[in-house]
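So you know, we letter chains A, B, ... as the sequences are listed, proteins then strands, and number each from 1.
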Protein chains: 2
Amino acid sequence: MIEKPQRLLVTVDVVIFTLRENDLNVLLVKRKYEPFINHWAIPGGFVNADESLEDAARRELEEETGVGDVYLEQLYTFGKVERDPRGRVVTVAYFALVPFTAVRGGSDASEARWWPVNDLPTLAFDHTDILAYAIKRLRYKLEYSAVGFQLLPEKFTLTELQQAYEIVLGEKLDKRNFRRKILEANIIEEAGMRREGEGRPARMYRFREDAVAEVKARRLFP
Amino acid sequence: MIEKPQRLLVTVDVVIFTLRENDLNVLLVKRKYEPFINHWAIPGGFVNADESLEDAARRELEEETGVGDVYLEQLYTFGKVERDPRGRVVTVAYFALVPFTAVRGGSDASEARWWPVNDLPTLAFDHTDILAYAIKRLRYKLEYSAVGFQLLPEKFTLTELQQAYEIVLGEKLDKRNFRRKILEANIIEEAGMRREGEGRPARMYRFREDAVAEVKARRLFP
DNA sequence: CCAAAAGTGTTGAAACTACACCCATGG
DNA sequence: CCATGGGTGTAGTTTCAACACTTTTGG
């Protein structure tokens, strides 16, 4: 029963989310080669023998966005035999949350652009499945934990945070209840008292470094 | 920047849980070769080029337990560079829940035995981490969803189900509240009215095939 | 009739939802 | 002084946890 083990191609794909133009957006790259030439795809690449999976994912992320130190989480590993027509490729999918303000154009020469998740092109490979799963997981996480911040700049107002949640979850939230829950969860702290703009100035907040982002206790939102 | 992609060794490891002797147990195998010879390890093996990850996991599961059609879920993919001293090996970890009654001795020649999760030997590779994560995830899933059934035979009493939850979660639960929540969740149905034994006969239940096991709504248990 | 396990309801506390007005600033 | 967005409290409802006794069977 002992066979010589076979080595497989292993890639990481990174679903990169941001908030842009009042919509949840995802970064896709246009493929320059067959198969699926000119189709849009989730950015990704092969894992080198001398780098961990997460290192590979961060490398991809940074190549595409210029951003390294953002929220990155392993999503799922996709390993159907026929998922790549060129041969057996296992892909470890990650998802990342980046503040749009932090993005610098990708250093990579590949053509890349943001797509609203509600208006996507047809994707290469099984990337439609991967993206659908990533969106589902993001919504789920937002309901139960506090990762929403990761889509915003370091400092933000409660209204901006609420808008982020509303965009991702696709539903309106009650202002008073939202603020109460966020503040009671004790995951943000004040960061400067005001800001420019119209109307009454808002308090700014930042994520508390010492806070446990995983608010396991109960659902944060309905 | 285009390099020749490197192929990696990919294994699946399957953390197999069961209930046995009033304890949560996990199946481990004793390694017959270096490295970590004579250490205990999570059962696993290489993924063949012509089988999906889940197929490979089910193959391992069946080799060790004789059981194929049980709950199996992908856990996480571990890919640090140095996790295997022989070289780069990425492992996709799964966890399985099997009713102890269903287990037939492994067909594999390897020495295997059940270990209570509270009294484990030192494990090979990074398997201590993998197992710790699997236990955490199992507890978490049990609180929020209804997978507890998967550790029991097809038909079971509510008392047996409650005991299963108590063993995994490591805490006593209130009988009346437990029954109310389980029955309101609408995931089990009656299956024969009674059974032999001491005391008053109990109703038997089975999992409802048409039920959605993922009870997303709210925590089932405190 | 006794031992053993099954089964069943209620009450007070906590959490949740819905809801409308005043506040601070810039122009 | 007005337009704009920021900020705040309460009441009714639902959910939750805590708790003890009666029922059914076998021996």
Whether [X] contacts [N] is assessed here as follows: a side-chain N or O lying under 4.0 Å from the phosphate OP1 or OP2. Is that the case?
{"X": "A:Arg176", "N": "D:dG7", "answer": "no"}
{"X": "A:Lys181", "N": "C:dT17", "answer": "yes"}
{"X": "A:Arg179", "N": "D:dT8", "answer": "no"}
{"X": "B:Thr159", "N": "C:dA5", "answer": "no"}

[X] [atom1] to [N] [atom2]: how many Å, rounded?
{"X": "A:Phe178", "N": "C:dA18", "atom1": "CZ", "atom2": "P", "answer": "16 Å"}
{"X": "A:Glu184", "N": "C:dA14", "atom1": "CD", "atom2": "P", "answer": "14 Å"}
{"X": "B:Glu190", "N": "C:dG7", "atom1": "CD", "atom2": "C1'", "answer": "12 Å"}
{"X": "B:Asn177", "N": "C:dG7", "atom1": "CG", "atom2": "P", "answer": "16 Å"}
{"X": "B:Glu171", "N": "D:dA18", "atom1": "CD", "atom2": "C1'", "answer": "15 Å"}
{"X": "B:Phe156", "N": "C:dA6", "atom1": "CZ", "atom2": "C1'", "answer": "16 Å"}
{"X": "B:Leu173", "N": "D:dA18", "atom1": "CG", "atom2": "P", "answer": "11 Å"}
{"X": "A:Met193", "N": "D:dG6", "atom1": "CE", "atom2": "P", "answer": "14 Å"}

Starting the side chain at C-beta, find the nucleotide from [options] nearest to [X].
{"X": "A:Lys175", "options": "C:dA6, D:dA18, C:dA20", "value": "C:dA20"}
{"X": "A:Arg180", "options": "C:dA6, D:dT10, D:dG5", "value": "D:dT10"}
{"X": "B:Glu198", "options": "C:dA5, C:dA6, C:dT17", "value": "C:dA5"}

Once you apply a heavy-atom cut-off of 4.0 Å, does B:Arg194 come out as touching a base, just sugar-phosphate, or nothing?
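Sugar-phosphate, no base atom in range.
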
Look at all strands and tell whether B:Arg203 reaches a base, only sugar-phosphate, or nothing, counting heavy atoms closer than 4.0 Å.
sugar-phosphate

Can you give me the closest heavy-atom contact between A:Val92 and B:Thr77, atom names plus distance?
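Heavy-atom minimum between the residues: CG2-CG2, 4.1 Å.
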
Looking only at non-hydrogen atoms, find the nearest pair between B:Arg83 and B:Asp13 and report the distance.
NH2-OD2, 4.3 Å

Pairing of B:Glu63 and B:Arg59 as salt bridge, 4.0 angstrom limit:
yes

Hits for side-chain hydrogen bond (donor to acceptor under 3.5 Å, both in side chains) against A:Arg179, two or more places apart or cross-chain, chain-then-number order -> none

For A:Thr159, which residues count as a side-chain hydrogen bond (donor to acceptor under 3.5 Å, both in side chains) partner, sequence neighbours excluded?
none

Name the residue closer to the 5' end of DNA chain C, choosing between B:Asp174 and B:Glu160 according to the nucleotide with the nearest heavy atom.
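The residue mapped nearer the 5' terminus is B:Glu160.
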
Taking donor-acceptor contacts at under 3.5 Å, does the side chain of B:Arg200 reach the base of D:dT23?
yes

